[in-house]
Amino acid sequence: MGLGTGHGAPTGHGAPTRRAVLTAGLAAAAVTASLTAGCTRHGTTGDDGRAPQSSTPTPSRRQATGSVLAVKIDNVAAARPQTGLDAADVVYAEQVEGGLSRLMAVYATRLPEVVGPVRSARESDLELLRQFDRPTLAFSGAQKKLLPLIRRAPLRPESPAQASGAYYRGSGRPAPHNLYLRPAELMPDGAPGRTALTTGFRYGPAPAGGTVTASRTVRYPAARFTFTWSAGRNGWLVSMDGTPARTTAGNRPAPATVVVQHVRVTKSTYHDVLGNYTPFTETVGTGKAEVLRDGRSYEATWSRPQATDGTTFTGADGSPVNFADGQVWVVFAKA
């Protein structure tokens, strides 16, 4: 790719049926939107053995779309501390191959100078991103068989193959944990603003009741997240795999709201180079959730009837469970 070190461098039921529906919807979207040109370069692999998206590299700044920027972020120990994570409006955490975790950071109200390390996309991302109006997806590559779905999806895919000038390799870390993005190169008009954040979340006063909660841990087979309430920060201090999370700037993420969303997780048809199958996280449907805010936990039911909808959270009495103003982390836990 010719990526060099840049300035500011940190030194529902029936999964097959649901995926068929998703695939059909993405194919239909191709009729009205041609997102990229060219075909997958067979035999060429990039980040973690996944194929880069093929297209003509674009070294100059790109035209923004007015929608959110979503960035796939590495989350293994070698990738920490991350950069720009604390500037995201929403951070989604999902399980990937081998029981590990990966993050998707969504930016709408502000863009950090640098975000990363950037890693590869997954099938689950396409369903999750349908809630936004043609978002920009920044990612390092994807499994070869998944690339056609990404190209047909109603989003703007921007890997180093499309926008080489937006990415660079940082120093001090080995590949693939050193690929960074300059968001302004993809979003020259700046952050689109809060109206682009069509997540379905409601913000406002805390609901009545709730349970006093000092901390909450969510475990994957080979990863875990712990959120510890800090009255001084008025947020939940994040720890990952038992280690306090920090950014390269030294900041400790402390989201105002944390959602533990219990979802159906099945095995997709895609796998990594070691043969580990990618979990498919279903974010359309309904299920149980826990909403953490203001040092308390609230039981809730989540609902997202279709992929183009946002996700709502309601209490036992049917009233909305409001989130606190500020950053939101959503951790998808297996139901």
Side-chain angles (χ1 to χ4, degrees), residues 12-27 29 40 42 45-53 70 72-77 79 91-104 119-131 137 139-153 155 157 159 176 217-225 240-241 259-289 302-307 309 311 329-335:
H13 284 291
T17 300
R18 289 182 38 101
R19 285 196 293 274
V21 171
L22 175 62
T23 301
L26 297 178
T40 303
H42 295 289
T45 58
D47 168 70
D48 61 8
R50 294 172 186 273
Q53 179 115 352
K72 291 306 301 285
I73 297 181
D74 202 351
N75 197 38
V76 297
V91 177
Y92 292 99
E94 64 177 346
Q95 182 181 328
V96 293
E97 300 84 4
L100 296 170
S101 65
R102 190 156 292 181
L103 307 176
M104 179 189 286
R119 288 298 293 272
S120 53
R122 297 296 187 275
E123 182 187 13
S124 301
D125 302 331
L126 304 183
E127 180 173 274
L128 182 60
L129 288 172
R130 289 290 305 281
Q131 65 187 302
L137 172 62
F139 65 114
S140 62
Q143 210 274 347
K144 285 192 298 185
K145 295 179 180 178
L146 181 60
L147 287 176
L149 287 183
I150 294 175
R151 288 197 297 268
R152 294 194 296 265
L155 52 79
S159 72
T217 296
V218 180
R219 299 178 185 274
Y220 293 163
R224 73 182 187 272
F225 296 88
M240 296 185 284
D241 302 334
V259 178
V260 181
Q261 187 173 337
H262 300 274
V263 297
R264 180 178 169 84
V265 180
T266 59
K267 186 173 74 173
S268 78
T269 58
Y270 305 101
H271 57 78
D272 64 15
V273 292
L274 300 177
N276 297 311
Y277 279 86
T278 303
F280 182 82
T281 301
E282 296 188 8
T283 55
V284 171
T286 187
K288 294 182 178 180
W302 68 268
S303 176
R304 187 182 176 204
Q306 55 188 4
D309 294 329
T311 305
W329 278 54
V330 179
V331 182
F332 296 119
K334 189 173 183 178

Student: Distance check, rounded to the nearest 0.5 Å: I73 atom CD1 versus S140 atom OG?
Tutor: 12.0 Å
Student: Parallel, tilted or perpendicular: which one describes the rings of Y220 and F225, with boundaries at 30° and 60°?
Tutor: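 The rings of Y220 and F225 stand perpendicular, inter-plane angle above 60°.
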Student: When rounded to the nearest 0.5 angstrom, what distance separates CD in E123 from OG1 in T278?
Tutor: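 Interatomic distance, E123 CD to T278 OG1, rounded to 0.5 Å: 8.5 Å.
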Student: As a quick check of understanding, evaluate side-chain contact (heavy atoms from CB on, under 4.5 Å) for V91 and V330, giving each step before the final call.
Tutor: CA-CA 6 Å; V91 177; V330 179; over 6 Å; no
Student: Tell me the closest heavy-atom pair linking D74 and P176, and the distance in Å.
Tutor: OD2-O, 4.4 Å
Student: Checking R130 against L155 for the side-chain contact (heavy atoms from CB on, under 4.5 Å) test, could you report, in this order, the C-alpha distance in whole Å, the side-chain angles of both residues, the deciding distance, and whether it holds?
Tutor: CA-CA 8 Å; R130 289 290 305 281; L155 52 79; over 6 Å; no
Student: Testing the basics here: between S124 and P279, what is the closest heavy-atom pair and its distance to 0.1 Å?
Tutor: OG-O, 3.7 Å
Student: Output the distance between atom CZ (R219) and atom CZ (R224), rounded to the nearest 0.5 Å.
Tutor: 5.5 Å
Student: For a quick check under 3.5 Å, do R304 and T283 share a side-chain donor-acceptor pair by atom type?
Tutor: yes
Student: Nearest 0.5 Å, what's the CG-CG distance between L126 and L137?
Tutor: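 Here the rounded value is 7.5 Å.
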Student: Between L100 and R102, does a side-chain contact (heavy atoms from CB on, under 4.5 Å) hold up when you go through it step by step?
Tutor: CA-CA 7 Å; L100 296 170; R102 190 156 292 181; over 6 Å; no
Student: Tell me the closest heavy-atom pair linking L103 and A93, and the distance in Å.
Tutor: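 Reported closest heavy-atom pair: CD2-CB, 3.8 Å.
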Student: In the structure I gave you, are the side-chain heavy atoms of F139 and S120 within less than 4.5 Å of one another anywhere?
Tutor: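 When only atoms from C-beta onward are counted, S120 and F139 do not touch, as no gap falls below 4.5 Å.
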Student: If you round to the nearest 0.5 Å, how far is CZ of F332 from CD of Q261?
Tutor: 5.0 Å
Student: I'd like to know if the side chain of Q143 reaches the main chain of K145, judged simply by a donor and an acceptor atom lying under 3.5 Å from each other, with no hydrogens or angles considered.
Tutor: yes
Student: Might you point out which heavy atoms bring D241 and A223 nearest each other, and give the distance in Å?
Tutor: OD1-CA, 3.2 Å
Student: Distance from S303 atom OG to D309 atom CG, nearest 0.5 Å?
Tutor: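 If I round to the nearest 0.5 Å, the distance is 8.0 Å.
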Student: Quick test of your reading of the model: are R122 and E97 salt-bridged, counting only N-O distances below 4.0 Å?
Tutor: yes
Student: Taking the side chain as C-beta and beyond, is there a heavy-atom pair between N75 and M240 under 4.5 Å?
Tutor: yes
Student: Looking at every heavy atom in both V260 and A333, which two are closest together, and how far apart are they?
Tutor: CG1-CB, 4.1 Å
Student: Who pairs with D125 by side-chain hydrogen bond (donor to acceptor under 3.5 Å, both in side chains), at least two apart in sequence or on another chain?
Tutor: K72
Student: Quick one: does any side-chain atom of T286 pair with a main-chain N or O of W302 as donor and acceptor, under 3.5 Å?
Tutor: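 Yes.
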Student: Go through the steps for L128 and M104 under the test side-chain contact (heavy atoms from CB on, under 4.5 Å), then give the verdict.
Tutor: CA-CA 10 Å; L128 182 60; M104 179 189 286; 4.1 Å; yes
